[in-house]
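Here the structure is laid out as structure tokens; the discussion comes afterwards.
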Amino acid sequence: MTKDFLQIVDFTRDELIDTLQLARDMKSGKFTQKPMAGMTVACIFHKASLRTRISFEAGIYELGGYSLYITEKEIELGKRESIHDAAKVLSRYVGMIMIRTFSHSDVEQLAKHADVPVVNGLTDLTHPCQILGDILTVWEHLGKFENLKIAYLGDGNNVTNSWLNLSARFKLDLAIGTSPDTLPDAGILHRAQKAGVSKIGVFYDPKEAVSGADVVYTDVWASMGQKHQADEKAAKLRAFQVNDDLLKLAKPNVKVMHCLPAERGREITDEVMDGPHSIVFDQAENRLHIQKAIMTQLLRNKAKT
Ligand code: CP
Ligand code: NVA
């Protein structure tokens with residue numbers, strides 16, 4: 001039973017389904033408990049954020065807890081003192097740590113040495129809260145969270161890697177449309193394929209990836225920390241823009257998703273973002289509900305150990 005939520009695969013299939021159901025109960029008002037009453041959560045941010053920051057803060061408050069917003073300036077994690085020592089000290093003050101940073105291995109180290117649960121709010125490698133929230137949104141809109149074709153178009157990044165991790169737990173037809181120079185993490189791709197749960201394909205032709213898709217998903221071409229590569233990436237990914245022409249190849253009832261923030265006119269057009277297939281703001285809302293459920297699930301796990 002996992003103490004931390006650093007990657008989707010930290011949760012078993014049953015834990016993922018329980019968490020999705022819990023999020024639905026929280027969203028519908030059926031779940032009214034305050035499992036974080038009296039608890040402080042340290043929310044560490046080394047990158048910008050709208051959705052993650054506000055939805056975690058609001059969610060912690062709604063569960064009865066208090067959140068502390070900590071930037072690089074305050075604790076200089078790993079610089080002023082070791083991650084080990086910071087993890088030990090933080091664990092004496094707070095009941096949970098949420099962190100958004102660059103290095104995934106820093107987060108693994110923090111989790112290893114912290115005595116309290118650690119939640120990954122995005123690293124260069126993965127963005128698990130995002131994709132679990134997204135599959136909740138898919139479930140609401142399409143009535144199921146498996147046996148669907150998900151076409152991810154664009155840069156092979158932390159969001160793509162998290163779709164791959166999800167496909168190791170839920171049966172999906174995951175088609176990744178990207179260029180040979182912007183592939184997702186090779187290790188995560190290999191492990192997802194080896195899990196043998198889903199059909200996983202990488203396509204250099206966007207039309208092939210999108211053909212017959214139930215969901216077309218995209219993200220920025222240059223992630224945080226890579227903005228200096230924006231033009232270079234754009235040159236490679238131009239053909240993977242989600243626009244009306246490409247969307248015609250998907251299922252008629254296709255849902256379009258984007259984790260946001262979007263660079264409108266680059267990876268997605270205004271027409272598609274604001275069009276009838278777009279569910280991007282439902283996605284953003286569900287970050288709140290899923291993260292409340294993830295934190296509650298981790299506290300339940302901790303109580304059992
Ligand atoms: N989707 C997402 O994580 O948004 P923020 O970067 O604004 O938190
Ligand atoms: N891939 C993007 C996701 C932002 C939520 C990034 O890492 O910047």
Side-chain angles (χ1 to χ4, degrees), residues 5-11 16 47 100-108 120-135 138 148-211 213-227 229-230 232-242 246 256-263 266-268 283:
F5 186 66
L6 308 189
Q7 302 220 47
I8 298 258
V9 286
D10 288 349
F11 278 1
L16 289 172
K47 288 177 175 172
R100 163 171 288 198
T101 192
F102 295 86
S103 157
H104 192 80
S105 63
D106 281 1
V107 177
E108 285 174 339
N120 174 5
L122 180 146
T123 64
D124 288 346
L125 190 69
T126 59
H127 195 5
C129 295
Q130 179 69 53
I131 298 308
L132 201 51
D134 293 340
I135 202 68
V138 169
L148 293 163
K149 177 166 179 181
I150 314 282
Y152 175 94
L153 286 196
D155 189 39
N157 61 16
N158 43 11
V159 167
T160 331
N161 293 336
S162 297
W163 271 113
L164 284 166
N165 276 332
L166 188 73
S167 76
R169 291 283 182 264
F170 290 170
K171 187 168 180 266
L172 298 168
D173 177 355
L174 180 61
I176 298 171
T178 193
S179 84
D181 300 321
T182 51
L183 294 168
D185 181 82
I188 293 183
L189 175 62
H190 177 71
R191 281 192 294 278
Q193 282 168 332
K194 215 173 132 206
V197 175
S198 295
K199 185 175 160 199
I200 299 167
V202 176
F203 301 91
Y204 300 142
D205 176 358
K207 291 183 183 145
E208 234 184 299
V210 164
S211 168
D214 297 284
V215 172
V216 172
Y217 196 111
T218 191
D219 183 15
V220 287
W221 290 339
S223 287
M224 289 181 278
Q226 308 177 336
K227 294 297 178 192
Q229 297 172 10
E232 193 191 317
K233 294 241 188 196
K236 285 173 177 149
L237 293 169
R238 218 173 296 284
F240 297 88
Q241 183 190 62
V242 177
L246 205 56
V256 174
M257 303 182 80
H258 191 310
C259 58
L260 305 181
E263 291 189 26
R266 277 209 165 197
E267 74 275 4
I268 190 165
Q283 250 186 288

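Note that the coordinates shown come from a computational prediction; the quantities given were computed from them, not determined experimentally.
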Pair Ile188-Thr126, side chain to side chain contact (heavy atoms under 4.5 Å, CB included): steps then yes or no: CA-CA 10 Å; Ile188 293 183; Thr126 59; 4.1 Å; yes
Within-4.5 Å side-chain heavy-atom neighbours: Glu263 and His258: no
Validation row: Gln193, Leu189 side chains within 4.5 angstrom (heavy atoms): yes
Electrostatic pair Lys233-Glu267, nearest N-O below 4.0 angstrom: no
Check: Arg169 side chain, Val9 main-chain N or O, donor-acceptor pair, under 3.5 Å: yes
Whether Phe5 and Phe11 hold their rings parallel, tilted or perpendicular, with breakpoints at 30° and 60°: tilted
Separation of Thr182 OG1 from Lys236 NZ (nearest 0.5 Å): 8.0 Å
Ser167 to Leu164 - nearest heavy-atom pair and separation: OG-O, 2.7 Å
Rounded distance (nearest 0.5 Å) linking atom OG1 of Thr218 with atom CE of Met257: 12.0 Å
Closest non-hydrogen atom pair, Ala230 against Arg266: O-NH1, 3.3 Å
Taking every non-hydrogen atom, the tightest pair across Val197 and Ala168: CG2-O, 3.3 Å
Shortest non-hydrogen separation from Thr178 to Val202 and the atoms involved: CG2-CG1, 4.3 Å
Side-chain touch Val210/Phe203, heavy atoms, less than 4.5 angstrom: no
Flag side-chain contact, heavy atom, 4.5 Å: Leu174 against Ser198: no
Side-chain donor/acceptor of Asp173 to backbone N/O of Lys149, under 3.5 Å: no
Distance, nearest 0.5 Å, that separates NZ of Lys171 from CG of Leu166: 14.0 Å
Distance in Å, Leu153 CG paired with Tyr217 OH, rounded so as to fall on 0.5 Å steps: 12.5 Å
Spacing of Ser162 atom OG and Gln130 atom CD [to the nearest 0.5 Å]: 8.5 Å
Point-to-point distance, once rounded to the nearest 0.5 Å, from CD1 of Ile8 to CG of Asn161: 11.5 Å
Close side-chain approach of Ile268 and Val256, heavy atoms under 4.5 Å: yes
Test side chain to side chain contact (heavy atoms under 4.5 Å, CB included) applied to His104 and Asn120, step by step: CA-CA 9 Å; His104 192 80; Asn120 174 5; 3.7 Å; yes
Minimum heavy-atom distance between Val215 and Val138, given as atom pair plus value: CG2-CG2, 4.2 Å
Validation row: Asn165, Ile131 side chains within 4.5 angstrom (heavy atoms): no
Lys227, NZ: over 12 other non-hydrogen atoms inside 6.0 angstrom: yes
CA sep, side-chain torsions, deciding dist, call: Leu246, Lys207, side chain to side chain contact (heavy atoms under 4.5 Å, CB included): CA-CA 7 Å; Leu246 205 56; Lys207 291 183 183 145; 4.0 Å; yes
All ring pair (Phe, Tyr, Trp, His ring centres under 6.0 Å) counterparts of Phe240, not counting sequence neighbours: none
Under 3.5 Å: donor-acceptor pair, side chain of Arg100, backbone of Leu122: no
Least distance between heavy atoms, Ala213 atom then Ala151 atom: CB-CB, 3.9 Å
Stepwise side chain to side chain contact (heavy atoms under 4.5 Å, CB included) check, Leu16 with Leu132: CA-CA 8 Å; Leu16 289 172; Leu132 201 51; 3.7 Å; yes
Exam field: side chain Asn158 to backbone Thr123, donor-acceptor pair closer than 3.5 Å: yes
Min side-chain heavy-atom separation Asp124-Lys47 under 4.5 Å: yes
Minimum side-chain heavy-atom gap Asn157-Gln226 below 4.5 Å: no
